[in-house]
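Below, all heavy atoms of this structure are taken into account, side chains as well, without hydrogens, waters or symmetry copies.
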Amino acid sequence: MQQLWHELETFLNTNNPEQLDDLNPPASSTQIHELEKLLGVTLPDDFKTCLMRHDGQRGGAEWLFEGYEFLSARKIGLEWSALRRLLDRGDLDEPLGKPDPAVRNAWWDPHWIPFAANGAGDNLCLDLAPTREGNHGQVISYSHEFPRRSVKAPDFSAWFKAFANRLCA
């Protein structure tokens, strides 16, 4: 993860310094612990390592993840809490179509941890409660409009590596 971040930072320094400057300093272990406490989960180590390099973006530049803002620990908590309130009110219990076999057949699940948001209600999430066909920590897409949830990568490291390789190629 550290090497991938180094390569990404080097690329951004040359090609998009505003985006590099928009990255927050590292999250503290206390911030990560408080986030895990709020979420009621233990975050995957590769994702914690990512937050300990950069705690998301400030939000003053183009979003880092191809149209998605890289969320800080604080914003992850806010995004997750908003979805949790909708779930608790019964607003997220519409029927779904045929699900991806690796992802729970739910509109939203509290074990889906948003780490990137497009500002329109769609997220990239860490799936910490996959089906038997899935992988703990797999990256999935969540849409507030469309019921299809799909796996983007088997874990955060694989997703981040593919993202960095696309951007830096």
Side-chain angles (χ1 to χ4, degrees), residues 1-39 41-86 103 108-128 135 137-146 148-169:
M1 186 60 59
Q2 297 296 345
Q3 181 61 35
L4 287 171
W5 264 116
H6 175 73
E7 292 169 14
L8 181 58
E9 290 163 347
T10 300
F11 175 84
L12 292 175
N13 188 51
T14 302
N15 297 285
N16 196 337
E18 298 83 17
Q19 207 171 36
L20 179 62
D21 291 341
D22 195 51
L23 294 171
N24 286 320
S28 68
S29 57
T30 301
Q31 288 172 303
I32 293 171
H33 175 74
E34 288 300 314
L35 177 61
E36 289 177 320
K37 187 176 168 184
L38 171 71
L39 304 174
V41 301
T42 299
L43 294 168
D45 287 341
D46 57 354
F47 185 68
K48 288 192 273 191
T49 299
C50 181
L51 288 177
M52 288 188 283
R53 181 72 175 232
H54 290 289
D55 185 20
Q57 294 179 258
R58 290 183 187 91
E62 177 186 351
W63 289 340
L64 182 63
F65 295 144
E66 302 169 321
Y68 286 81
E69 178 184 5
F70 173 28
L71 299 177
S72 65
R74 181 181 146 300
K75 287 185 177 179
I76 290 169
L78 291 171
E79 189 80 15
W80 181 89
S81 294
L83 287 163
R84 181 64 195 239
R85 281 190 302 278
L86 290 171
V103 182
W108 183 75
D109 187 286
H111 293 94
W112 296 347
I113 312 305
F115 67 87
N118 71 358
D122 302 334
N123 302 106
L124 296 174
C125 300
L126 300 172
D127 181 0
L128 304 184
N135 296 307
Q138 66 191 2
V139 174
I140 63 170
S141 62
Y142 166 81
S143 171
H144 76 287
E145 250 181 318
F146 303 106
R148 180 85 172 148
R149 311 293 176 242
S150 61
V151 175
K152 299 295 182 187
D155 57 38
F156 184 77
S157 291
W159 180 86
F160 193 83
K161 181 178 182 178
F163 161 75
N165 287 342
R166 283 191 308 275
L167 188 65
C168 299

Show the nearest heavy-atom pair for residues [X] and [Y], with the distance to one decimal.
| X | Y | value |
| --- | --- | --- |
| Q2 | T49 | NE2-CG2, 3.5 Å |
| N123 | A117 | ND2-CB, 3.4 Å |
| C125 | Y142 | SG-CB, 4.0 Å |
| K152 | S141 | CE-CB, 3.7 Å |
| F11 | C168 | CB-SG, 3.5 Å |
| P110 | W80 | O-NE1, 2.8 Å |

Does [X] reach the side chain of [Y], with side-chain heavy atoms less than 4.5 Å apart?
| X | Y | value |
| --- | --- | --- |
| D155 | P44 | no |
| N24 | F70 | no |
| W5 | F160 | yes |
| V139 | F163 | no |
| D122 | F146 | no |
| H54 | S72 | no |
| I113 | F47 | no |
| W112 | V103 | yes |

Spacing of [atom1] belonging to [X] relative to [atom2] belonging to [Y], to within rounding of 0.5 Å:
| X | Y | atom1 | atom2 | value |
| --- | --- | --- | --- | --- |
| H33 | L38 | NE2 | CG | 11.5 Å |
| D55 | I32 | CG | CD1 | 7.5 Å |
| L167 | E7 | CG | CD | 11.5 Å |
| M52 | S28 | CE | OG | 10.0 Å |
| Q31 | L51 | CD | CG | 9.0 Å |
| T30 | L35 | OG1 | CG | 12.5 Å |

E69 pairs by side chain to side chain donor-acceptor pair (under 3.5 Å) with which of R58, Q57, K75? K75
Determine whether a donor-acceptor pair (N or O, by modelled atom type, separation under 3.5 Å) exists between the side chain of [X] and the backbone of [Y].
| X | Y | answer |
| --- | --- | --- |
| D22 | G59 | yes |
| E9 | L20 | no |
| R53 | A27 | no |

Near-ring test W159/F65, centroid separation under 6.0 angstrom: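 Close enough - the centres of the two rings lie under 6.0 Å apart.
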Go through the steps for W108 and L86 under the test side chain to side chain contact (heavy atoms under 4.5 Å, CB included), then give the verdict. CA-CA 9 Å; W108 183 75; L86 290 171; over 6 Å; no
Pairing residues for N16 by the side-chain hydrogen bond (donor to acceptor under 3.5 Å, both in side chains) criterion, not counting sequence neighbours: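 Scan of N16 (side-chain hydrogen bond (donor to acceptor under 3.5 Å, both in side chains), adjacent residues dropped) gives Q19, E62.
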Checking side chain to side chain contact (heavy atoms under 4.5 Å, CB included) for the pair N135/V151: CA distance, chi angles, key distance, verdict? CA-CA 10 Å; N135 296 307; V151 175; over 6 Å; no
Just checking, is any N or O donor in the side chain of H111 or D127 under 3.5 Å from an acceptor N or O on the other one? no
